[in-house]
Amino acid sequence: MNPSRILLLAIAAVAISVFFASGGQHYLTLDMLKAQQDNLSAYRDGHRSLTIALYSLLYILVTGLSLPGATVMTLAGGALFGLLWGTVIVSFASTIGATLAFLAARFLFRERIQDRFGDRLKTINEGMARDGALYLFTLRLVPLFPFFIINLVMGLTAISTRTFYAVSQAGMLAGTLVYVNAGTQLAQLDSLAGILSPTLVGSFALLGLFPLITQKILALLQARKVYSAWVKPQTFDNNLVVIGAGAGGLVASYIAAAVKAKVTLIEKHRMGGDCLYTGCVPSKTLIRSAKAAAQIRRSTEFGIHTSPPDVDFAAVMARVQAVIKAIEPHDSPGRYTELGVDVINGTAKIISPWEVEVSGDHGSHVTTTRAIVIATGAQPFVPEIPGLTETGYLTSDTIWGLQEKPERLLVLGGGAIGCELAQAFARLGCRVTQVEILPRLLAREDSEVSEWVESKFRQEGIQVLLGHEAKQFLFEHGEKMLITEQQGQTTRIAFDQVLLALGRSANVSGFGAEELGIRLSPKKTIAIDGFQTTNFPNIYACGDVAGPYQFTHTAAHQAWYASVNALFGQVKKFRTDYSAIPQATFIDPEVARAGLNEQEAREQGIAYETSIYALEDLDRAITDGATQGFVKVLTRPGKDKILGVTIVGEQAGELIAEFVLAMKHNLGLNKVLGTIHIYPTLAEANKYAAGVWKKQHVPQTALKCLAVYHRWLRH
Ligand SMILES: Cc1cc2nc3c(=O)[nH]c(=O)nc-3n(C[C@H](O)[C@H](O)[C@H](O)COP(=O)(O)OP(=O)(O)OC[C@H]3O[C@@H](n4cnc5c(N)ncnc54)[C@H](O)[C@@H]3O)c2cc1C
């Protein structure tokens, strides 16, 4: 705790101790007030302004320090200043005091609590940011919780001070009026308990709950309004229909079957989706062959002399297909049917919120369902560049059909897919030119990662053109050509094949979403809330079609929430947890990340410090000739709280798992450092990165004391 916090805590502790030690609690009682009423009134008559000032100050102190006696103080307000002025004075004094208590709790404890339980408090924080004013208003009106607890707890949440003040003043007004009014008739008052009758408490409760209930009813009505054009079936064929059998759809349907729901999975093409046929599996298989070729080229480094690799491109591509075939059974209709899913091969179209039409080789039919999960994925984005259609192009959908190695491959796009495939094809013997409009590759990563990748690519013979905008494709002297522009300068690039790797657009049309009125986000994905729900409360979406991430593991992660919320949402809904999303770009060496990197932390205004461990120092990296790269950890300044980790290096995608676990379960670097890592492994890099952090935070004074102690022992 920093010195100013300690000072404030000490002042508060002393003030509270003085209050109790001097018997303050015995002065702020109804009997004492009644006994002193005449004296107090006489003093007020002589010094009205001073009485108001002293009274207000005392009230603020009592509420600000959360001392007992606010009720008696309020009665005194009525007794001394009458209903109108008493209410005005108490209203301001009590709100100022409450806000001071709120601010003190915030200053003293909020950061610590958010650091410690930030991930778990995320939902509460979001709820408070959205509806905090309503909750506070209700709490102020319904006298269930003592006000001093509300002040302190609210200080720990994300509600703004201005909102807290305004809502507190409005919310406490009714109660203030009742007590001040009671104070005006102090003589008739025998006990505090009599002031608030059960009927009055009930009325306050109703008043307090009214806005909250109204808000919920309005939300419900709004949600129901989307259904007004359709008639809901009386019974349903399914509990859940899932559209699309990629990573998202497979998991969503599996979850539903596992909990014994009746679920139909509709796939128009091949089960397994992008990941199996055109994404992760073929790309990682290709990358493995490319790595073998690269390792053979490096063999002399390891004392082995061979000839340069002779890449049999057709055999490499055949292996890609063989691997797909080997993994295919994991996602097969047979397997999912066995798991209890009704699998239909056909094209799905939502025709009402509860009806899905399936068209296939055997005609079409309509199936009814209580809920729907949309998991229709995404497709490669194809830009409108003049001449592109004429020259023809490859995408991640079509490149896997290549049988002949393109001698000159042009890769448009410097993101993850573009980089993975550019390096793989280059290593397999293509002359690769990579064109990126932005000034660096992997632009979402920190700049040193981009620089590292760029220099590695150049080293491996890839021509990297950054800041180049693709302007026109054409045929020139029988050759395919791209014209790019960079700061007014044009460049002509001859190529045999061009691969478009310019991002992926969500598949939001062709299955009834537009006709139904399912809303889209500004990024043209299906708009979902934190529970994967679309604007139709019984229709959910997950995976690439919903975003914001486009990974197999995030599609599967969201699918769990979509399926569980679709089936059990009436009882309990679960908010999708994005607290530690990992990602990897499988270039060689790999780039992996979990949580924030530096540029994101800066963009979001989050303070951080970095601990970097370079792999050139790691024994196992040295034995393996894999010394390129680093582990970079972002932590809260002065705190053992991991904000994010970036790893560049051999097997970075595996190494990051330790940090994902740590972040998900709120473990800090001390815990990583205190864990035994096998020697010699690459995983030790994680521990050494934690060690770098530790060294940066050694208590210098304690070390100086230890040095003195040891010196003393030696003499
Ligand atoms: C080259 C490449 C490499 C990648 N590498 C990785 C990686 O290493 N790691 C990683 O995590 N991610 C990777 N990805 C991303 C990953 O493949 C996707 O994020 C993931 O496949 C998304 O799954 P999904 O279920 O959302 O969609 P998809 O897998 O695209 O599945 C959607 C399915 O819906 C079906 N469908 C669509 N409309 C209808 C309809 N009307 N009726 C019936 N069926 C319909 C489609 O046919 C498709 O099978 C890669 C992607 C590419 C292109």
Problem - Neighbour count >12 (heavy atoms, 6.0 Å) for atom CD, Glu476 - result: yes

Practice task
State whether the side chain of Gln558 and the backbone N or O of Gly547 hold a donor-acceptor pair below 3.5 Å, judged by distance alone.
Solution key: yes

Problem - Over 12 foreign heavy atoms within 6.0 Å of CD, Glu338 - result: no

Problem - Under 3.5 Å: donor-acceptor pair, side chain of Asp640, backbone of Asn670 - result: yes

Completion exercise
Nearest heavy-atom contact between Arg458 and Val464 is NH1-O, 3.1 Å

Exercise for the section: Determine whether more than 12 heavy atoms belonging to other residues, nucleotides or ligands lie under 6.0 Å from atom CD1 of Ile678. Expected result: no

Practice task
Go through the side-chain N and O atoms of Asn507 and Gln379 and say whether any donor and acceptor fall under 3.5 Å apart.
Solution key: yes

Handout entry: Any Tyr688 side-chain heavy atom under 4.5 Å of Leu618 side chain
Key = yes

Practice task
Could you grab the distance from atom CG of Leu682 to atom CD of Gln651, nearest 0.5 Å is fine?
Solution key: 5.5 Å

Practice task
Write down the atom of Leu502, the atom of Phe381, and the distance for their closest heavy-atom approach.
Solution key: O-CD2, 3.8 Å

Problem - salt_bridge(Glu328, Lys325) N-O dist < 4.0 Å - result: yes

Exercise for the section: Might you confirm whether atom OH of Tyr254 has over 12 heavy atoms from other residues, nucleotides or ligands at distances under 6.0 Å? Expected result: no

Exercise for the section: Indicate whether the side chain of Gln486 and that of Thr491 have a donor and an acceptor atom separated by less than 3.5 Å. Expected result: no

Handout entry: Test item: Phe630 and Glu448 side chains (from C-beta on) under 4.5 Å apart, heavy atoms
Key = yes

Handout entry: Value rounded to 0.5 Å, distance of CD1 in Ile266 from CD1 in Ile344
Key = 5.0 Å

Handout entry: Salt bridge flag under 4.0 Å for residues Lys291 and Glu650
Key = yes

Exercise for the section: Could you tell me whether a side-chain N or O of Arg620 sits under 3.5 Å from a main-chain N or O of Thr681, the two making a donor and an acceptor? Expected result: no

Handout entry: Full working for side chain to side chain contact (heavy atoms under 4.5 Å, CB included) between Lys405 and Cys430
Key = CA-CA 7 Å; Lys405 183 177 77 182; Cys430 303; 3.5 Å; yes

Handout entry: Backbone N/O of Ile612 and side chain of Lys632: donor-acceptor pair under 3.5 Å
Key = no

Practice task
Flag yes if more than 12 heavy atoms outside Lys284 fall under 6.0 Å of its NZ atom; otherwise flag no.
Solution key: yes

Exercise for the section: Please check if atom CD in Glu404 has more than 12 non-hydrogen atoms from other residues, nucleotides or ligands closer than 6.0 Å. Expected result: no

Handout entry: Lys/Arg N to Asp/Glu carboxylate O, Arg593 vs Glu600, below 4.0 Å
Key = yes

Practice task
Please check if the side chain of Arg270 supplies one atom and the backbone of Leu276 the other of a donor-acceptor pair under 3.5 Å.
Solution key: no

Exercise for the section: Side-chain contact test, heavy atoms from C-beta onward, threshold under 4.5 Å: evaluate it for Trp693 versus Tyr613 and give yes or no. Expected result: no

Fill in the blank from the handout: Heavy-atom nearest pair, Gly244 first then Leu265, reads O-CD1, 3.4 Å

Problem - Minimum heavy-atom distance Leu482-Phe495, with the two atoms named - result: N-CE2, 3.6 Å

Exercise for the section: Nearest 0.5 Å please: distance from the CD1 atom of Ile642 over to the CG atom of Leu669. Expected result: 4.0 Å

Problem - Ile587 side chain near Phe457 side chain, heavy-atom distance below 4.5 Å - result: yes

Exercise for the section: Check whether any side-chain heavy atom of Ser579 sits under 4.5 Å from a side-chain heavy atom of Met663, and report yes or no. Expected result: no

Practice task
Indicate yes or no for a side-chain donor-acceptor contact from Arg408 to the backbone of Ile493 under 3.5 Å, with no hydrogens or angles considered.
Solution key: no

Handout entry: Residue pair Tyr608 / Glu598, side-chain donor-acceptor N/O under 3.5 Å
Key = yes

Problem - Exercise: identify the closest heavy-atom pair between Pro380 and Ser396 - result: CG-OG, 3.6 Å

Problem - Sidechain N-carboxylate O distance under 4.0 Å for Arg440, Glu454 - result: no

Handout entry: Expected output: side-chain Ser563 to main-chain Trp560 donor-acceptor under 3.5 Å
Key = no

Practice task
Search all heavy atoms of Ile526 against all heavy atoms of Ala541 and return the closest pair with its distance.
Solution key: CG2-CB, 3.9 Å

Handout entry: Residues, nucleotides or ligands: over 12 heavy atoms within 6.0 Å of Gln489 CD
Key = no

Handout entry: Glu420 (side chain) donor-acceptor with Phe586 (main chain) under 3.5 angstrom
Key = yes

Handout entry: Donor-acceptor pair, side chain of Thr337 and main chain of Pro333, under 3.5 angstrom
Key = yes

Exercise for the section: May I ask you to check whether Tyr393 and Phe473 place their ring centres under 6.0 Å from each other? Expected result: no

